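For reference, the structure is listed below as structure tokens.
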Amino acid sequence: MKYSVFAAAILSASAAYAETPELTVYTYDSFVSDWGPGPAVEKAFEAQCGCDLKLIGAGDGAALLARVKLEGARSQADVVLGLDTNLTAAAAATGLFAEHGVQAEYSLPVAWEDAYFAPYDWGYFAFVHNADAVSVPTDFKALGASDVKIVIQDPRSSTPGLGLLMWVKAAYGDEAPAIWADLADNVVTVTKGWSEAYGLFLEGEADMVLSYTTSPAYHLIAEEDGSKAAAAFAEGHYLQVEVAGILAASDQPELAKDFMNFMVSEEFQSIIPTTNWMYPAVTPSAGLPEGFETLITPAKSLLLSADEAAALRDGALGEWLDALSQ
């Protein structure tokens, strides 16, 4: 009798577990880290969805698209979170994404209309340095002419790395190869992703690292450390809008849409500033945390359209590879 009761309890628990829907989200590694948004996002969404949210780190941002393209319709992912506007045209062209149906009042610096990808945060790329640095370049030409050592990310795997290519291209157009030729000697190393590059900078392996104008806010707010700053470049700074999209082959399409709508909610958006250290796509009612007002504001915002970025990507990558291989 005792065995029968125990077995019944096990079967009941197994049935309840089997009935719990599971949503799988591919994202970048820093998002799912202990200090990233992932843990708080998972807890908050599971509290309202009655589901099991699986956040899976799949490298850096640009690696996400490569993985999804490789897996195709067989992908285990329901949602991909971590692409940006330099990749959305290529992502949409795969035919692997479904319309998201999200409606939101975005607080982005650009108008947003995209049926397949919805934004969750944004920021400007910048080179971060120690605030007490004696000489800080104020444009790419000055950087290339200096002895300043930089760490950057690979544009084939990292959205910041690809963003840097688009930044140089948007600012200099046909002069981009010459800019890269001058910058090649400044590059200490090229990392696969953002986390590795920023870690090397913090360890003193370089004078500057490709990151964001918002990165100093982390040190100021989380560490009470004002020793980091972002260099303001005269050419302007390239804008990154990070997005998420639903895979058309998802076996949880309604739950995926619920997650996308949760992504632009007050609860999700209030998590972003002090975990992902970016600007939220929808400003929370409480506004931005104290400390964000100290960040530099680019004099000029640079952004190529999704189609322009897709058209220029291969050529810009070739220019970058040629310069760094010399």
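It should be emphasised that the depicted structure is a prediction, and the values quoted were computed from it without experimental measurement.
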- [ ] Using a cut-off of 6.0 Å, state whether more than 12 heavy atoms not belonging to E290 lie near its atom CD.
- [x] no
Task: Centroid separation F45 to F262 less than 6.0 Å - done: yes
Task: Note, E223 side chain near K228 side chain (heavy atom, < 4.5 Å) - done: no
Task: Within 6.0 angstrom of D132 CG, more than 12 heavy atoms from elsewhere - done: yes
- [ ] Would you sort out whether T159 and Y28 count as a side chain to side chain contact (heavy atoms under 4.5 Å, CB included), showing the intermediate values?
- [x] CA-CA 10 Å; T159 52; Y28 43 81; 5.9 Å; no
Task: Exercise: identify the closest heavy-atom pair between W277 and A222 - done: CZ2-CB, 4.1 Å
TODO: Please work out whether the ring planes of H219 and Y198 are parallel, tilted or perpendicular, with thresholds of 30° and 60°.
DONE: parallel
- [ ] Would you name the heavy atoms of A244 and V79 that are closest together and state the gap between them?
- [x] CB-CG1, 4.3 Å
Task: Name of the residue among L165, L183, V209, V187 meeting side chain to side chain contact (heavy atoms under 4.5 Å, CB included) with I152 - done: V187
Task: Check: F201 and M208 side chains under 4.5 Å, non-hydrogen atoms - done: no
TODO: Give the cluster check for F140 versus I296: same hydrophobic cluster or not, with ILVMFWY residues linked at side-chain heavy-atom distances below 4.5 Å.
DONE: no
TODO: Work out which heavy atom in L143 is nearest to a heavy atom in N186; give both atom names and the distance.
DONE: O-ND2, 3.0 Å
Task: Non-hydrogen atoms of P280 and L288 that approach each other most closely - done: CD-CD2, 3.5 Å
Open item on the list: Please check if the number of heavy atoms outside Q76 that lie under 6.0 Å from its CD is greater than 12.
Closed with: no
Task: Salt bridge flag under 4.0 Å for residues D154 and R156 - done: yes
Task: Shortest non-hydrogen contact from G193 toward D60 - done: CA-OD2, 3.2 Å
Open item on the list: Counting C-beta onward and ignoring hydrogens, is there a side-chain heavy-atom pair between S135 and V148 closer than 4.5 Å?
Closed with: no
Task: Geometric class of the F125/Y238 ring pair [parallel <30°, tilted 30-60°, perpendicular >60°] - done: parallel
Open item on the list: Using every non-hydrogen atom in the two residues, find where W122 and A281 come nearest and quote the distance to one decimal.
Closed with: CD1-CA, 4.2 Å
